[in-house]
Visitor: 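Pasting a structure here, questions to come.
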Amino acid sequence: SNLRPQATFQLGQIALAEGNHDEAIKQLTEVTQKYAQSEAAPAARFALASAYFAKEDNEKAHATLNELVAGTSDDMLRARGTYLRGLVRRKLKQYDATAADLTAFLAANPPEQDALDARYTLALCRIDQEKPADAEKTLRELLAAKPDYRLADRARDEVGHALLTQDKAE
């Protein structure tokens, strides 16, 4: 029946919301494997990747998100998966891939807060890539869009520090 995969997905979502990552992984893995063709499977795959990410199991999160992004026909879910994969790839120090994912996410016209957070992370990624001028440009775009962005001061400090570090290195 169609109820079992949906119910199992809901149990996984509840466990994830409660911070019980191992239980979430167990329930969500069941949905993605046993009910792979169900309507709940793509969202379960995203939630499963979120649980792995929360546990800092970035290799498993990355593999799960690659499956999701390649396999879903749901544009919004693909965009959210691409964004989360960008965050995972930054943890894995795959900075070029991070920048590509965040740029692709921004091209999908996400909700404003998500777009701002993606731009902020992209600025940090540019610092990771040792491209402080690009980080500054990304930050200027973010602040032009939302001057009172909640992390604006922190972002300015990060970029300023990166620019100073670059000047000293040259």
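From a predicted model like this one, the values you see are computed outputs, not experimental measurements.
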Visitor: Angle class for the Y149/Y120 ring planes (parallel below 30°, perpendicular above 60°, tilted otherwise)?
Guide: tilted
Visitor: If you count every heavy atom of other residues, nucleotides or ligands that lies below 6.0 Å from E39 atom CD, does the total exceed 12?
Guide: no
Visitor: Could D117 and R150 be called an ion pair, given the rule that one side-chain N must be under 4.0 Å from one carboxylate O?
Guide: yes
Visitor: Please name the pair of heavy atoms, one in K55 and one in I25, separated by the smallest distance, quoted to 0.1 Å.
Guide: CD-CD1, 3.7 Å
Visitor: Please determine whether a side-chain nitrogen of the Lys or Arg among R119 and E141 lies less than 4.0 Å from a carboxylate oxygen of the Asp or Glu.
Guide: yes
Visitor: Counting neighbours of CD on Q113 that are heavy atoms of other residues, nucleotides or ligands and sit closer than 6.0 Å, is the number greater than 12?
Guide: yes
Visitor: Quick check: closest heavy atoms across F9 and L28, and the distance to 0.1 Å?
Guide: CD1-CD2, 3.7 Å
Visitor: So does L68 get a backbone contact from the side chain of T72, meaning a donor-acceptor N/O pair under 3.5 Å?
Guide: no
Visitor: I want to check a possible cation-pi pair here: R80 against F46, using under 6.0 Å from ring centre and within 45° of the ring axis as the test.
Guide: yes
Visitor: Among L151, T138, L87, which one satisfies side-chain contact (heavy atoms from CB on, under 4.5 Å) with T121?
Guide: L87
Visitor: Regarding D128 and R126, does a basic nitrogen lie under 4.0 Å from an acidic carboxylate oxygen?
Guide: no
Visitor: Kindly compute the distance separating CZ (F105) from CG (L84), expressed to the nearest 0.5 Å.
Guide: 10.5 Å
Visitor: Looking at T82 and A104, what are the two nearest heavy atoms and their distance?
Guide: CG2-CB, 4.1 Å
Visitor: Between L102 and A118, which heavy-atom pair has the shortest distance, and what is it?
Guide: CD1-O, 4.0 Å
Visitor: Taking D75 first and then R78, would you say they form a salt bridge - that is, a charged N and a carboxylate O separated by under 4.0 Å?
Guide: yes
Visitor: Tell me whether V88 is reachable from L124 by hopping between hydrophobic residues (I, L, V, M, F, W, Y) whose side-chain heavy atoms are closer than 4.5 Å.
Guide: no
Visitor: I need the single residue from L139, D101, L106 that forms a side-chain contact (heavy atoms from CB on, under 4.5 Å) with L122. Which is it?
Guide: L106
Visitor: Closest heavy-atom contact between A61 and A49?
Guide: CB-O, 3.7 Å
Visitor: Let me see the working for R154 and E158 under salt bridge (charged side-chain N to carboxylate O under 4.0 Å, His left out), right down to the final yes or no.
Guide: CA-CA 6 Å; R154 202 161 105 200; E158 293 269 4; 5.1 Å; no
Visitor: With clusters defined by side-chain heavy atoms of hydrophobic residues (ILVMFWY) lying less than 4.5 Å apart, directly or transitively, does Y95 cluster with L92?
Guide: no
Visitor: From R45 CZ over to S50 OG, what is the distance, rounded to the nearest 0.5 angstrom?
Guide: 13.0 Å
Visitor: Should R89 and D96 count as an ion pair when the cut-off is N to O under 4.0 Å?
Guide: no
Visitor: If you look at every heavy atom in L142 and L116, which pair is closest and at what distance?
Guide: CD1-O, 3.3 Å
Visitor: With rounding to the nearest 0.5 Å, note down the distance linking CD in Q6 to OG in S38.
Guide: 7.5 Å
Visitor: Look up atom CG in L65 and atom CD in E67, then write down how far apart they are to the nearest 0.5 Å.
Guide: 9.5 Å
Visitor: Below 4.0 angstrom, N of the basic side chain to O of the carboxylate: do E30 and K26 qualify?
Guide: no
Visitor: Measuring from D134:CG to Q129:CD, what's the distance to the nearest 0.5 Å?
Guide: 7.5 Å
Visitor: Output the distance between atom CD (Q27) and atom CD1 (I14), rounded to the nearest 0.5 Å.
Guide: 9.5 Å
Visitor: With a 4.5 Å cut-off on side-chain heavy atoms, are Y52 and N58 touching?
Guide: no
